[in-house]
Amino acid sequence: MARVRGAVLPQMVEENHDFPFMAMPPQAAAQQYGWSPSLKPIEAAVDELQQEYNIDPDRIYVTGLSMDGYGAWALMMDDPARFAAVAPGGGGLSS
């Protein structure tokens, strides 16, 4: 979790508790290759948070930097109807 806290968005949220949004920064296992093994657990976590906090399904966005940009694309491609938008910072897209 310490690696995730060093990213820009978690730092902003930690420093300013007045942001009107929730951020869930997943972290892939170190020995894992790619994001595919993590997609279903991440989607399940989004479902759980959405239900627990009554999150508007039309306002769920996914982003990521570098390798997490690949994860953002992977999530969007796995279930495009789930997210309102994807905004990867880096991370290529291959078909």
Side-chain angles (χ1 to χ4, degrees):
M1 190 64 171
R3 287 184 356 204
V4 172
R5 284 196 175 123
V8 174
L9 182 59
Q11 283 181 5
M12 290 173 62
V13 171
E14 192 129 340
E15 293 170 7
N16 183 348
H17 297 277
D18 295 332
F19 279 123
F21 64 84
M22 178 179 289
M24 184 196 83
Q27 186 173 351
Q31 70 277 10
Q32 176 179 305
Y33 180 77
W35 277 97
S36 294
S38 297
L39 297 181
K40 295 305 177 196
I42 291 169
E43 291 167 355
V46 171
D47 288 340
E48 188 176 317
L49 289 171
Q50 190 175 352
Q51 192 171 55
E52 185 173 340
Y53 294 100
N54 195 29
I55 296 170
D56 182 351
D58 294 330
R59 296 179 69 188
I60 298 176
Y61 305 91
V62 60
T63 188
L65 298 173
S66 191
M67 281 304 292
D68 298 338
Y70 284 100
W73 278 122
L75 280 165
M76 183 61 98
M77 289 187 304
D78 190 57
D79 190 358
R82 173 183 288 275
F83 302 103
V86 61
L93 175 63
S94 62
S95 53

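The analysis underlying the following values was restricted to heavy atoms, covering all of them including side chains, and did not include hydrogens, waters or symmetry mates.
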Applying the 4.5 Å side-chain criterion to the ILVMFWY set and letting contacts propagate, would Tyr61 and Leu49 be lumped into a single cluster?
-> no

Closest heavy-atom contact between [X] and [Y]?
| X | Y | answer |
| --- | --- | --- |
| Met76 | Ala85 | CE-C, 3.3 Å |
| Asp58 | Ala84 | O-CB, 3.4 Å |
| Ala72 | Gly64 | CB-N, 4.1 Å |

Drop me the distance from [X]'s [atom1] to [Y]'s [atom2], to the nearest 0.5 angstrom.
| X | Y | atom1 | atom2 | value |
| --- | --- | --- | --- | --- |
| Trp73 | Thr63 | CH2 | OG1 | 10.5 Å |
| Asp79 | Glu43 | CG | CD | 5.5 Å |
| Tyr53 | Glu48 | OH | CD | 9.0 Å |

Is the shortest distance from a Lys or Arg side-chain nitrogen in Asp47 or Arg82 to a carboxylate oxygen in the other one below 4.0 Å?
-> yes

